Amino acid sequence: MPALTVKVKRFDGKKSWWQEYKVDIKSRKISVLDVLVKIKEEQDPTLAVRYSCRMAICGSCGMVINGVPRLACQTLLAEIKDDTIAVEPMWNHRVIKDLVVDTEPNFEKLRKVKPYTIRDLKEIYESDREIGQKPEELEKYYNFAYCIECGLCMAACPVVATNPRFLGPMALAAAYRWSADSRDQGWPVRAKIVDTEEGVWSCHLAYTCSAVCPRGVDPGFAIQLVKAALMRRAKKL
Ligand code: FES
């Protein structure tokens, strides 16, 4: 099997450059993350890569692989086929070192939409019954609950690229997920946050967020559902 050529866009805090590595592989049934770890262990311990679960759950290994934002642990060499791979840090994020980016701004935006159940605590504590949910109610948000907050949607979004104030697909999809939950009473609060220029109205419907989501969450569709809910709300006001 021919050696793999891996081009990595590196950054040392001051300058950026492309570095090339040759990697011997025995099989293509390994992930891009496996290759990067192999480089780190056998050739260059200075290469910075962030990862944890290695099974597309923790959301920490997002990067741009051959021009597409993807999870390195979920991307198999067998899918790429080419013998050359170009790997760079996630777009639209400040690079800390090599492939490691600062994702804190994504989480700041996520916190703004209050990603948790908002419910009158008094009602919960004083009630002697569970707050149940029917299967058809679960269906309304279930798919959107798969988000692992990896930030790939933020890396792919052309609006995030040009307007750093835009809340972006990760937070806006969460605004839908929590508001669509029948146990939640937070929609009036979240509606005020997302019914703004930084909120859903800046979305250009590029749908690149949905195209790259490794969990099939479809944040672009979630944003459209939020817009529809806001229109219905405006009619009633
Ligand atoms: Fe956890 Fe890739 S290492 S998602």
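First listed ligand is number 1; within each ligand, the first listed atom is number 1. Computed from a prediction, not measured in an experiment: that's the story for all the values here.
Taking a cut-off of under 4.0 Å to the non-hydrogen atoms of Cys73, the atoms of ligand 1 that pass are 2 (Fe), 3 (S), 4 (S). The atoms of ligand 1 that sit less than 4.0 Å from any heavy atom of Cys61 are 2 (Fe), 3 (S), 4 (S). Interface of Ala56 with ligand 1, defined as ligand atoms under 4.0 Å from a residue heavy atom, comprises 4 (S). Each of the following atoms of ligand 1 lies closer than 4.0 Å to a heavy atom of Arg54: 1 (Fe), 3 (S). Counting atoms of ligand 1 from 1 in the listed order, those under 4.0 Å from a heavy atom of Gly59 are 1 (Fe), 4 (S). Heavy-atom contacts of Ser52 reach the following atoms of ligand 1: 3 (S) (cutoff under 4.0 Å). Residue-ligand proximity, Ile57 to ligand 1, at heavy-atom distances under 4.0 Å covers atoms 4 (S).
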(request) Before giving the answer on salt bridge (Lys or Arg N to Asp or Glu O under 4.0 Å), spell out for Asp184 and Arg190 the whole-Å C-alpha distance, their side-chain angles and the decisive distance to 0.1 Å. (result) CA-CA 11 Å; Asp184 180 81; Arg190 290 192 203 96; 2.9 Å; yes

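Gln19 and Trp17 form a side-chain donor-acceptor contact under 3.5 Å, judged by distance and modelled atom types alone. A donor atom on one side chain and an acceptor atom on the other are found under 3.5 Å apart for Thr46 and Arg10. Side-chain N/O atoms of Asp181 and Gln133 include a donor and acceptor closer than 3.5 Å.
Using cut-offs of 30° and 60° for the angle between ring planes, the Phe144 and Tyr176 rings count as perpendicular.
The only member of Arg28, Lys29, Arg70 that meets salt bridge (charged side-chain N to carboxylate O under 4.0 Å, His left out) when paired with Glu79 is Arg70.
For the pair SG of Cys53 and SG of Cys58, the angle whose vertex sits at atom 1 (Fe) of ligand 1 is 100° to 10 degrees.
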